[in-house]
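Letters go in sequence order (proteins before strands), and every chain restarts at 1. Everything numeric here is computed off the predicted structure, so don't read it as measured data.
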Amino acid sequence: QQPVQSPQAVILREGEDAVINCSSSKALYSVHWYRQKHGEAPVFLMILLKGGEQKGHEKISASFNEKKQQSSLYLTASQLSYSGTYFCGTAATSGTYKYIFGTGTRLKVLA
Amino acid sequence: DVKVTQSSRYLVKRTGEKVFLECVQDMDHENMFWYRQDPGLGLRLIYFSYDVKMKEKGDIPEGYSVSREKKERFSLILESASTNQTSMYLCASSSTTDEQFFGPGTRLTVL
(Lines give C-alpha, C1' and ligand atoms only; values in the text may rest on other atoms or scores of the structure.)
Protein backbone atom coordinates (compact mmCIF):
# COMPACT_ATOMS: atom_id res chain seq x y z
CA GLN A 1 0.00 0.00 0.00
CA GLN A 2 1.45 3.30 -1.11
CA PRO A 3 2.19 6.00 1.44
CA VAL A 4 -0.04 9.04 1.15
CA GLN A 5 1.54 12.39 0.43
CA SER A 6 -0.03 15.74 1.19
CA PRO A 7 -0.60 18.19 -0.23
CA GLN A 8 -0.88 16.87 -3.77
CA ALA A 9 0.24 20.21 -5.15
CA VAL A 10 1.42 23.53 -3.79
CA ILE A 11 2.35 26.89 -5.30
CA LEU A 12 4.71 29.22 -3.48
CA ARG A 13 6.43 32.53 -3.99
CA GLU A 14 10.20 32.68 -3.69
CA GLY A 15 11.23 32.92 -0.06
CA GLU A 16 8.14 31.20 1.31
CA ASP A 17 8.20 27.95 3.28
CA ALA A 18 6.49 24.66 2.54
CA VAL A 19 5.93 21.35 4.30
CA ILE A 20 5.31 18.08 2.48
CA ASN A 21 3.97 15.14 4.47
CA CYS A 22 4.26 11.42 3.88
CA SER A 23 2.09 9.02 5.88
CA SER A 24 2.15 5.25 5.90
CA SER A 25 -0.34 2.72 7.20
CA LYS A 26 2.56 0.39 8.07
CA ALA A 27 5.42 0.59 10.52
CA LEU A 28 8.47 2.11 8.89
CA TYR A 29 12.19 1.61 9.19
CA SER A 30 13.26 4.37 6.85
CA VAL A 31 11.91 7.15 4.68
CA HIS A 32 13.64 8.45 1.56
CA TRP A 33 12.94 11.69 -0.23
CA TYR A 34 13.50 12.42 -3.92
CA ARG A 35 12.86 15.42 -6.15
CA GLN A 36 12.06 15.16 -9.83
CA LYS A 37 12.26 18.24 -12.01
CA HIS A 38 10.12 18.34 -15.11
CA GLY A 39 11.52 16.04 -17.80
CA GLU A 40 14.37 14.85 -15.61
CA ALA A 41 15.24 11.83 -13.48
CA PRO A 42 14.34 11.79 -9.77
CA VAL A 43 17.27 12.84 -7.58
CA PHE A 44 17.91 11.66 -4.04
CA LEU A 45 17.55 14.29 -1.32
CA MET A 46 17.85 12.43 1.95
CA ILE A 47 17.11 9.36 3.99
CA LEU A 48 15.76 9.25 7.53
CA LEU A 49 16.25 6.13 9.59
CA LYS A 50 14.48 4.67 12.56
CA GLY A 51 16.36 5.87 15.59
CA GLY A 52 16.87 9.34 14.27
CA GLU A 53 19.80 9.07 11.92
CA GLN A 54 19.50 11.35 8.92
CA LYS A 55 21.64 11.38 5.82
CA GLY A 56 21.42 13.75 2.91
CA HIS A 57 23.22 16.22 0.78
CA GLU A 58 20.70 18.95 0.24
CA LYS A 59 20.01 22.00 2.36
CA ILE A 60 16.54 20.73 3.11
CA SER A 61 15.42 19.36 6.45
CA ALA A 62 13.05 16.56 7.32
CA SER A 63 11.60 14.75 10.28
CA PHE A 64 10.57 11.16 10.86
CA ASN A 65 7.98 10.27 13.49
CA GLU A 66 8.19 6.49 13.87
CA LYS A 67 5.17 6.25 16.15
CA LYS A 68 2.94 8.15 13.76
CA GLN A 69 4.50 6.38 10.76
CA GLN A 70 5.03 9.64 8.95
CA SER A 71 7.71 11.93 7.68
CA SER A 72 7.69 15.60 6.78
CA LEU A 73 9.98 17.47 4.40
CA TYR A 74 10.63 21.13 5.21
CA LEU A 75 11.50 23.54 2.43
CA THR A 76 12.46 26.90 3.90
CA ALA A 77 13.02 30.11 2.00
CA SER A 78 12.02 28.44 -1.27
CA GLN A 79 14.05 29.09 -4.38
CA LEU A 80 12.95 28.74 -7.98
CA SER A 81 15.16 25.65 -8.20
CA TYR A 82 12.97 23.89 -5.64
CA SER A 83 10.20 23.46 -8.21
CA GLY A 84 9.45 19.87 -9.10
CA THR A 85 7.67 16.79 -7.84
CA TYR A 86 8.70 15.39 -4.48
CA PHE A 87 8.38 11.70 -3.71
CA CYS A 88 8.78 9.86 -0.46
CA GLY A 89 9.86 6.25 -0.53
CA THR A 90 9.28 4.03 2.48
CA ALA A 91 10.95 0.85 3.67
CA ALA A 92 9.41 -1.36 6.32
CA THR A 93 12.58 -3.16 7.38
CA SER A 94 16.30 -2.54 7.45
CA GLY A 95 18.39 -4.01 4.66
CA THR A 96 15.61 -3.91 2.10
CA TYR A 97 16.02 -2.41 -1.33
CA LYS A 98 12.32 -2.53 -2.00
CA TYR A 99 10.87 0.90 -1.38
CA ILE A 100 7.27 1.87 -1.82
CA PHE A 101 6.96 5.35 -3.22
CA GLY A 102 4.21 7.81 -2.53
CA THR A 103 2.09 9.43 -5.21
CA GLY A 104 4.13 12.62 -5.25
CA THR A 105 3.66 16.30 -4.39
CA ARG A 106 3.99 18.87 -7.17
CA LEU A 107 5.64 22.04 -5.96
CA LYS A 108 5.97 25.20 -8.03
CA VAL A 109 7.89 28.23 -6.87
CA LEU A 110 7.06 31.52 -8.55
CA ALA A 111 9.32 34.55 -8.77
CA ASP B 1 29.84 11.61 -12.81
CA VAL B 2 27.58 8.66 -12.07
CA LYS B 3 25.31 7.60 -14.85
CA VAL B 4 22.27 5.51 -15.56
CA THR B 5 21.29 5.52 -19.20
CA GLN B 6 18.21 4.18 -20.90
CA SER B 7 18.12 3.08 -24.51
CA SER B 8 15.36 5.42 -25.69
CA ARG B 9 13.69 8.58 -24.41
CA TYR B 10 10.57 7.97 -26.49
CA LEU B 11 9.20 4.76 -27.97
CA VAL B 12 6.01 4.04 -29.91
CA LYS B 13 4.90 0.44 -30.37
CA ARG B 14 1.82 -1.40 -31.55
CA THR B 15 -0.38 -3.65 -29.43
CA GLY B 16 0.98 -7.18 -29.36
CA GLU B 17 4.58 -6.24 -30.18
CA LYS B 18 7.46 -7.44 -28.03
CA VAL B 19 9.21 -4.49 -26.47
CA PHE B 20 12.68 -4.29 -24.95
CA LEU B 21 13.70 -1.43 -22.69
CA GLU B 22 17.36 -1.37 -21.77
CA CYS B 23 19.15 0.24 -18.89
CA VAL B 24 22.90 0.55 -18.35
CA GLN B 25 24.74 1.85 -15.29
CA ASP B 26 28.43 2.65 -15.02
CA MET B 27 28.73 2.63 -11.23
CA ASP B 28 29.30 -1.11 -10.67
CA HIS B 29 26.11 -1.25 -8.62
CA GLU B 30 24.73 -4.61 -7.52
CA ASN B 31 21.10 -3.53 -7.48
CA MET B 32 19.00 -2.39 -10.38
CA PHE B 33 15.31 -1.50 -10.56
CA TRP B 34 12.52 -0.90 -13.04
CA TYR B 35 9.66 1.43 -12.14
CA ARG B 36 6.73 2.78 -14.03
CA GLN B 37 5.49 6.29 -13.38
CA ASP B 38 1.89 7.29 -14.02
CA PRO B 39 0.10 10.55 -13.14
CA GLY B 40 -1.44 10.34 -9.70
CA LEU B 41 0.14 6.98 -8.96
CA GLY B 42 3.76 7.97 -8.41
CA LEU B 43 6.53 5.43 -8.90
CA ARG B 44 5.63 1.77 -8.77
CA LEU B 45 8.22 -1.00 -8.69
CA ILE B 46 7.94 -3.59 -11.46
CA TYR B 47 11.03 -5.75 -10.85
CA PHE B 48 14.41 -5.45 -9.27
CA SER B 49 17.65 -7.37 -9.43
CA TYR B 50 20.25 -7.70 -6.68
CA ASP B 51 22.83 -9.62 -8.71
CA VAL B 52 23.50 -10.95 -12.17
CA LYS B 53 20.77 -13.42 -13.19
CA MET B 54 18.88 -12.73 -9.96
CA LYS B 55 15.53 -10.98 -9.96
CA GLU B 56 12.64 -10.33 -7.66
CA LYS B 57 9.10 -9.20 -8.40
CA GLY B 58 8.00 -5.77 -7.36
CA ASP B 59 4.47 -4.56 -6.83
CA ILE B 60 3.23 -4.72 -10.44
CA PRO B 61 5.14 -7.46 -12.33
CA GLU B 62 2.20 -8.72 -14.40
CA GLY B 63 2.82 -8.41 -18.12
CA TYR B 64 6.55 -7.79 -17.68
CA SER B 65 9.72 -9.82 -17.45
CA VAL B 66 13.34 -8.83 -16.92
CA SER B 67 16.80 -10.00 -17.82
CA ARG B 68 20.15 -9.32 -16.19
CA GLU B 69 22.95 -11.14 -17.94
CA LYS B 70 25.65 -8.58 -17.07
CA LYS B 71 26.07 -6.52 -13.95
CA GLU B 72 25.78 -3.19 -15.71
CA ARG B 73 22.72 -3.99 -17.83
CA PHE B 74 19.10 -4.59 -16.82
CA SER B 75 16.42 -5.11 -19.44
CA LEU B 76 12.67 -4.84 -19.12
CA ILE B 77 10.64 -6.92 -21.55
CA LEU B 78 7.02 -6.52 -22.50
CA GLU B 79 6.21 -9.85 -24.13
CA SER B 80 3.04 -8.58 -25.80
CA ALA B 81 2.54 -4.87 -25.35
CA SER B 82 -0.90 -3.61 -24.43
CA THR B 83 -2.33 -0.09 -24.35
CA ASN B 84 -2.47 -0.12 -20.54
CA GLN B 85 1.32 -0.38 -20.55
CA THR B 86 1.61 3.10 -22.02
CA SER B 87 3.65 4.88 -19.35
CA MET B 88 6.96 6.42 -18.34
CA TYR B 89 9.48 3.73 -17.40
CA LEU B 90 12.33 4.59 -15.07
CA CYS B 91 15.39 2.51 -14.35
CA ALA B 92 17.48 2.96 -11.20
CA SER B 93 20.54 1.44 -9.59
CA SER B 94 22.04 1.41 -6.12
CA SER B 95 24.87 -0.11 -4.15
CA THR B 96 23.27 0.34 -0.75
CA THR B 97 19.81 0.64 0.72
CA ASP B 98 20.20 4.41 0.79
CA GLU B 99 20.38 6.29 -2.45
CA GLN B 100 19.02 5.12 -5.80
CA PHE B 101 20.30 6.71 -9.00
CA PHE B 102 17.68 7.08 -11.69
CA GLY B 103 17.92 7.17 -15.46
CA PRO B 104 16.13 9.82 -17.54
CA GLY B 105 13.19 7.53 -18.35
CA THR B 106 11.59 6.07 -21.46
CA ARG B 107 8.17 7.29 -22.42
CA LEU B 108 6.46 4.32 -24.05
CA THR B 109 3.28 4.69 -26.05
CA VAL B 110 1.44 1.55 -27.12
CA LEU B 111 -1.06 2.11 -29.92
Side-chain angles (χ1 to χ4, degrees), chain A residues 1-9 20-24 26 28-51 53-58 62 64 84-106, chain B residues 1-10 23-27 29-51 54-61 66 68 74 87-107:
Chain A
Q1 198 166 1
Q2 284 182 283
V4 176
Q5 287 186 234
S6 62
Q8 289 185 319
I20 299 172
N21 300 303
C22 173
S23 294
S24 174
K26 297 183 177 181
L28 300 176
Y29 174 77
S30 66
V31 179
H32 310 237
W33 286 97
Y34 287 79
R35 176 172 62 211
Q36 183 180 29
K37 297 193 176 184
H38 184 69
E40 297 181 11
V43 173
F44 174 79
L45 295 176
M46 65 173 55
I47 177 174
L48 301 105
L49 303 174
K50 191 174 181 178
E53 188 178 357
Q54 178 178 320
K55 305 179 202 178
H57 54 68
E58 285 271 342
F64 178 23
T85 301
Y86 289 78
F87 294 99
C88 66
T90 58
T93 58
S94 65
T96 182
Y97 299 97
K98 190 176 175 182
Y99 313 145
I100 302 175
F101 283 90
T103 53
T105 295
R106 282 176 285 115
Chain B
D1 201 14
V2 297
K3 243 187 187 160
V4 178
T5 56
Q6 295 183 227
S7 49
S8 307
R9 289 301 302 268
Y10 300 93
C23 175
V24 178
Q25 51 97 0
D26 65 0
M27 296 166 280
H29 285 168
E30 293 80 15
N31 311 301
M32 296 188 75
F33 309 81
W34 275 107
Y35 295 90
R36 66 176 281 177
Q37 182 175 22
D38 300 289
L41 296 177
L43 296 166
R44 292 180 293 164
L45 182 64
I46 304 171
Y47 268 98
F48 73 99
S49 169
Y50 49 90
D51 203 348
M54 305 303 286
K55 62 184 178 185
E56 198 165 317
K57 291 180 181 179
D59 299 313
I60 51 165
V66 290
R68 192 158 179 211
F74 192 34
S87 186
M88 171 68 84
Y89 290 88
L90 289 165
C91 174
S93 72
S94 75
S95 61
T96 70
T97 54
D98 295 350
E99 180 174 1
Q100 291 190 11
F101 294 87
F102 283 84
T106 295
R107 185 166 294 282

*Spatial distance of atom CG (Leu45(A)) from atom CD (Glu99(B)) [nearest 0.5 Å]*: 9.5 Å
*Pairwise distance CG(Leu43(B)) to CD1(Ile100(A)) - rounded to 0.5 angstrom*: 12.5 Å
_More than 12 heavy atoms of other residues, nucleotides or ligands under 6.0 Å from CZ of Arg106(A): yes or no?_
no
*Taking all atoms of both residues into account, what is the closest heavy-atom pair of Ala41(A) and Phe102(B), and its distance?*
CB-O, 3.6 Å
*Aromatic rings Tyr99(A) and Phe33(B): how do their planes relate, parallel, tilted or perpendicular, breaks at 30° and 60°?*
parallel
*Hey, could you give me each pair passing salt bridge (Lys or Arg N to Asp or Glu O under 4.0 Å) that has a residue in residues 87-97 of chain A? Not counting sequence neighbours.*
none
*asked:* Heavy-atom cut-off 4.5 Å, strictly under: side chain, backbone, both or neither for Gln8(A) against chain B?
replied: neither
_Between Glu56(B) and chain A, with a heavy-atom cut-off of 4.5 Å, which part of the residue counts as in contact: side chain, backbone, both or neither?_
neither
*asked:* Does Lys37(A), at its NZ atom, have more than 12 non-hydrogen atoms belonging to other residues, nucleotides or ligands within less than 6.0 Å?
replied: yes
*Under 4.5 Å from any heavy atom of chain A - which part of Leu90(B)*: side chain
*Gln36(A) and Gln37(B): which non-hydrogen atoms are nearest, and at how many Å?*
OE1-NE2, 2.7 Å
_Do His32(A) and Gln100(B) make a side-chain contact, defined as non-hydrogen atoms from C-beta onward lying under 4.5 Å apart?_
no
*Looking at Gly42(B), Gly40(B), Pro39(B), Gly103(B), which has the largest count of heavy-atom pairs under 4.5 Å with chain A?*
Gly42(B)
_Per-residue contact mode, Arg9(B) against chain A (heavy atom under 4.5 angstrom)_ = side chain
*Please report the shortest heavy-atom distance between Gln2(A) and Leu41(B), naming the atom on each side.*
NE2-O, 2.7 Å
